[in-house]
Amino acid sequence: MRQLHSTVAAAIVLCSIVATAHAEDDLNLREEAAIKAAVSQIAPSVVRIETLGGLETVGKILVGTGPTTGLIVSDEGYIVSSAFNFVQQPSQIIVYLADGTRLPAEMVGRDHSRMLVLLKVPTDMLDSSRQLTVPLATPKNEMRVGAWAIAVGRVFEPEKVNVSVGIVSALGRVWGKAIQTDAKISPANYGGPLVDLRGRVLGVLVPMSPQESSEVAGVEWYDSGIGFAVPLADIKRVLDRLKKGEHLEPGLLGVNIRSGDPYTTAPVIAACRPKSPAAAAGLKPGDQIVEFDGVPIERYAQLRHQLAPRYAGENVSLVVLRGQERLTKDLTLIDKLQPYIHPFLGILPRRDGTQEDGEKKETKTGVIVRDVYSESPAAKAGVKAGDRLVTLNGKPIADRLSLQDQIAALEPRDEVKLEIERDSKAETLTAKLATLPEAVPDALPPAHESLPPKENGPPLGKLPIKIPEAKSDCWAYIPDSYRSAVPHGMIVWLQGSKEAKDDNLIAMWKLLCEQHDLILLIPNSEEAGRWQRSDLEFIRKMVDEVVRKYQVDPTRIIAAGTQGGGAMAYLLAGENRDLLRGVVAIDAPLPPAMATPLCEPTERLAIFSASARRSSPHIAAGIERLREAKHPVTELELDENSHVLNDDQRAKLARWVDTLDRS
C-alpha cells in the first residue's frame, strides 16, 4: 500500500513538472508570438536612413558614418530620427522605405531639447495607390514600468528590421523628457521606435544624459542596459511646429538656485541673470519657488522636472514665497541667455576674517581685506589691505562667501557704496565694478595670521581615500600646516600617462600646499593611464569624501591634468558645476564634443591653460569658446615639447588657485 502511495505521489509530481514545463513553454511561445506580432505591426513605419557628406567625427566620437534608423510620423512624408545621426550636417540624406523604395529627404526641423530631427520625403514620387504607414502612439497614461519594450531599427539589411527586447525600466527620466529601457540601444537603432507589445510606439530612441545636453551626450552608454526614448506622445505635441521648419530650443528661466542636494534642497533663488525672463518678471535672490504652472514645488529636483520639458517661447506661471508673501509671476521662457560676466571689486579676502571684538567678546562679521588688486575698482576707491568691509550698498556683509553672492547679483560698471572699518573708524567709499582679471599676482600676502596650535583632528600627510564600492584607488595629501580654522583649497590632480607617480607628485606640491592652504587629491583611473567617463562618478565621490572630513574652501576646488587628464578635468568641471571652481588643462584642449560651460553667477569657473607655442588649433579654439562664454582664462606658455610644469610655473599655478576667492 505504501509503495502504491509512493507511485501515485511520484506520478502526481511528474504530472506537475510536465504541466509546469508545458505552461512555461506555452508562455514562452505566447511571448514570442506577441513580440513577433508587435514587430510586424511597426516594421512598415521604420525606415533606413543613409547620409552623405559632412563631418565624420565630433572629437573622438564617430558619428553618422553608417546607415541609421527613422520612424514615419505622418503620411505627408515626415520622418523623425535622432539628432545624433545628423551631427555631421550631411549634405545628402537618402531614406529607404520598408519595401526598399529609395527617396531623397531634407531636414525641416530640429528639436534641440529632446535631440531629434524631422525629415521630409516627397510623397509625390510614390505611386498614387501607396500610402505611408503611420504608427499609433502609446498614451502616456498607459505606460508602465516593467512592461515589455521592444527597440527596433532598420540598418543591417534594408529589407529586415533589427530588434532587441527589454522592459520599460523608468518613466520621466532626464528630468521628465524620456522613458528609460534596458533594451539594447546603439547608434544602429537611434531614431527607431521603442514599441509596446501591441505594436504601438512608446517613444523614439535617442542618446541622452541627465548631466549634458549636447547631441552626442549619453552615447557612451550604448548597449549598456541604460537607453532612452522620447515619448511619441510628446513629439506629436510639437510636430506641427517642426513641420513649419522651427528649431525648438529648451526654455530658459534665468535663475540660479542655491547649491545643495537637488532632491532635498528647496528651490531658493541665489541669483537672477540680468535681462532674463526671471529678472524681467521681478524675481529676486532669496525668493523660493513654490509652484510651477499650478504644480506644487518643494524641492529643486521637482522644479527641474517641470522646467526641463518646456520649450523657449512657452508661457509659464510661477508662485514664489518672499518672506511671508506669496507672489505670482508670469513669464515667457527664452532660448538663450546673454552671457553673464562676473563683476569684480578688486580685493582678496582674509580667510580668518571673523574675529572677536576684544572688549565686547562678540564675533565681528564682515570681510578683512588681505590684498587689493592694483588698478582695480577697490584700489581706485581707496580700499587698503587690513580694512574690514562691513556693508555693500547698505547691506551687511556676513563673510567672504556672502560678499561674493552680493557682488554676483550686480553687473560690471555698476556703482557700489562700501562701508569700511579702518583703525576702528567707519568710512564710506564708492567704487565702479570691473570684470574678473586673468593675470596672476606675482606675490601674495598671507591669507591668515599665525596658525593656532595643532588639534586632535583628522589625520594629516599622505592618506588613502576609500569608499567601499570604489574599485580604483585614490590618495590625498593633507599638509602638516592644516588647521580646521583655515579652509583649504583642493587640487584634484588627474594624472596623465607620462606624469610622475603619486609620491613624486606629492613631493612636487608639498611646500606649495603648506604655503597656500591646499589639499592635493590624486584619484587614479580604473584603467591605468586612460580616463573614461565612467571614472567621473568615482572622482566626485572622492572629492565629497575629503570635503566631508576636512575644512575645504568651496571657492577653491579645482581639477587639473595633463593631456588626457586635462580633458578629463574639463569634463569633470562640466558635470559638477556645483563643486568645481577651476580647471587646469596642461597641453589639453576643451573636448570639442563638450558643450561650452555657461558662465553662471553662483557657479564661478576659471580656466588655467598651459601649452607650448606650437599648441594645437584645438587648444586655441577651446580657449576662444571659453572666452566667448565670458570665463576668465589664464594662459601660460610652456617650453617647446614640454608637458610638465617647472617649479616657477607650478608656483604660479598655486597662486592662481590661491586667488580664486577674490571678489
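Nearest heavy atom pair, residue A629 against residue C599, reads O-CB, 3.2 Å. What you find for M208 and A178 is that their closest heavy atoms are SD-CB, 3.9 Å.
Legend: salt bridge (charged side-chain N to carboxylate O under 4.0 Å, His left out) pairs involving residues 278-294, not counting sequence neighbours, sorted by first then second residue: D287-R322, E291-R326, D293-R310. For residues 618-632, every residue pair satisfying the salt bridge (charged side-chain N to carboxylate O under 4.0 Å, His left out) rule, not counting sequence neighbours, is listed here: E438-R627, R627-E635. Residue pairs meeting the salt bridge (charged side-chain N to carboxylate O under 4.0 Å, His left out) criterion with at least one member in residues 118-139, sequence neighbours excluded: D99-R130.
The backbone N or O of Y190 sits less than 3.5 Å from a side-chain atom of T68, completing a donor-acceptor pair. Proximity of a side-chain donor or acceptor of N576 to a complementary backbone N or O of D578 within less than 3.5 Å is not detected. Under the 3.5 Å distance criterion, the side-chain polar atoms of R577 are matched with a main-chain donor or acceptor of L598. No donor-acceptor pair closer than 3.5 Å links the side chain of R102 to the backbone N or O of V95. At least one donor-acceptor pair closer than 3.5 Å links the side chain of T181 to the backbone N or O of I167. At distances below 3.5 Å, not a single donor-acceptor pair connects side-chain atoms of S40 with backbone N or O atoms of A37. In this structure, K177 contributes its side chain and S113 its backbone to a donor-acceptor pair below 3.5 Å. In this structure a side-chain-to-backbone donor-acceptor pair under 3.5 Å is missing from H631 to I607. Judged purely by atom type and a 3.5 angstrom limit, S81 uses its side chain to pair as donor or acceptor with the backbone of T69.
In this structure, E32 and I35 have side chains that are not in contact, with every pair of non-hydrogen atoms separated by 4.5 Å or more. Side chains of E575 and R540 form no contact here, defined as non-hydrogen atoms less than 4.5 Å apart. A heavy-atom distance below 4.5 Å is not found between the side chains of D75 and T123. Side-chain contact check for H112 versus L248: every heavy-atom pair is 4.5 Å or farther apart. Looking at heavy atoms from C-beta onward, E603 lies in side-chain contact with R581 at the 4.5 angstrom threshold. Between V39 and V161 the shortest side-chain heavy-atom distance falls below 4.5 Å. Inter-residue side-chain proximity for L194 and I150 is flagged as unmet; no heavy-atom pair is nearer than 4.5 Å. F228 places a side-chain heavy atom less than 4.5 Å from the side chain of V174.
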Please tabulate, for the side chains in residues 249-258, all donor-acceptor contacts under 3.5 angstrom to protein atoms that are two or more places apart in sequence or on a different chain.
residue : atom : partner : partner atom : Å
N256    : ND2  : E600    : OE1          : 3.1

N/O donor-acceptor pairs under 3.5 Å from side chains in residues 296-303, not counting sequence neighbours:
residue : atom : partner : partner atom : Å
R299    : NE   : Y263    : O            : 3.2
Q302    : OE1  : E298    : N            : 2.7
Q302    : OE1  : R299    : N            : 2.8

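Taking 4.0 Å as the cut-off between side-chain N and carboxylate O, R144 and D196 do not count as a salt-bridged pair. Taking 4.0 Å as the cut-off between side-chain N and carboxylate O, E76 and K243 count as a salt-bridged pair.
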Practice item. Please test F86 against T51 for side-chain contact (heavy atoms from CB on, under 4.5 Å), starting from the C-alpha separation and ending with a verdict. Key: CA-CA 8 Å; F86 299 89; T51 57; 3.7 Å; yes
Point to revise | Steps toward side-chain contact (heavy atoms from CB on, under 4.5 Å) verdict (I235, V204) | key: CA-CA 9 Å; I235 297 171; V204 174; 3.6 Å; yes
Check your understanding: Step by step, would you call L590 with L626 a side-chain contact (heavy atoms from CB on, under 4.5 Å)?
Key -> CA-CA 9 Å; L590 176 69; L626 291 162; 4.2 Å; yes
Exercise for review: List the steps and the verdict of side-chain contact (heavy atoms from CB on, under 4.5 Å) for V165 and W148.
Suggested key: CA-CA 7 Å; V165 179; W148 285 100; 3.3 Å; yes
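One finds the CD atom of E314 at 10.0 Å from the OG1 atom of T332 (value rounded to the nearest 0.5 Å). Considering CG of D535 and CG of L571, their distance stands at 11.0 Å, rounded to 0.5 Å. Rounded to the nearest 0.5 Å, atoms CD1 (I72) and CG (L97) are 5.5 Å apart. Distance CZ/F156 to CG/N189: 8.0 Å, rounded to 0.5 Å. Distance check: L333 CG to N315 CG gives 8.0 Å after rounding to the nearest 0.5 Å. Put simply, OG on S164 and CD1 on I185 are 5.0 Å apart, with the number rounded to the nearest 0.5 Å.
Under the side chain to side chain donor-acceptor pair (under 3.5 Å) criterion, D414 pairs with no residue at all, not counting sequence neighbours. Among residues two or more places apart in sequence or in another chain, the side chain to side chain donor-acceptor pair (under 3.5 Å) test is passed with D335 by none. Here R48 pairs with E50 under the side chain to side chain donor-acceptor pair (under 3.5 Å) rule; sequence neighbours left out. Looking at residues two or more places apart in sequence or on another chain, you find a side chain to side chain donor-acceptor pair (under 3.5 Å) between K140 and D234. With sequence neighbours left out, E246 forms a salt bridge (Lys or Arg N to Asp or Glu O under 4.0 Å) with R241. In this structure, D405 has no salt bridge (Lys or Arg N to Asp or Glu O under 4.0 Å) partners at least two apart in sequence or on a different chain. Not counting sequence neighbours, the partners of H342 by the ring pair (Phe, Tyr, Trp, His ring centres under 6.0 Å) test are Y340.
For the 3.5 Å distance criterion, the side chains of R237 and Y311 fail to qualify, holding no donor opposite an acceptor. Donor-acceptor pairing under 3.5 Å is lacking for the side chains of D261 and T265. Side-chain contact annotation: D182 with S169, donor-acceptor N/O pair under 3.5 Å absent.
The number of heavy atoms from other shown groups lying within 6.0 Å of CD (E159) is above 12.
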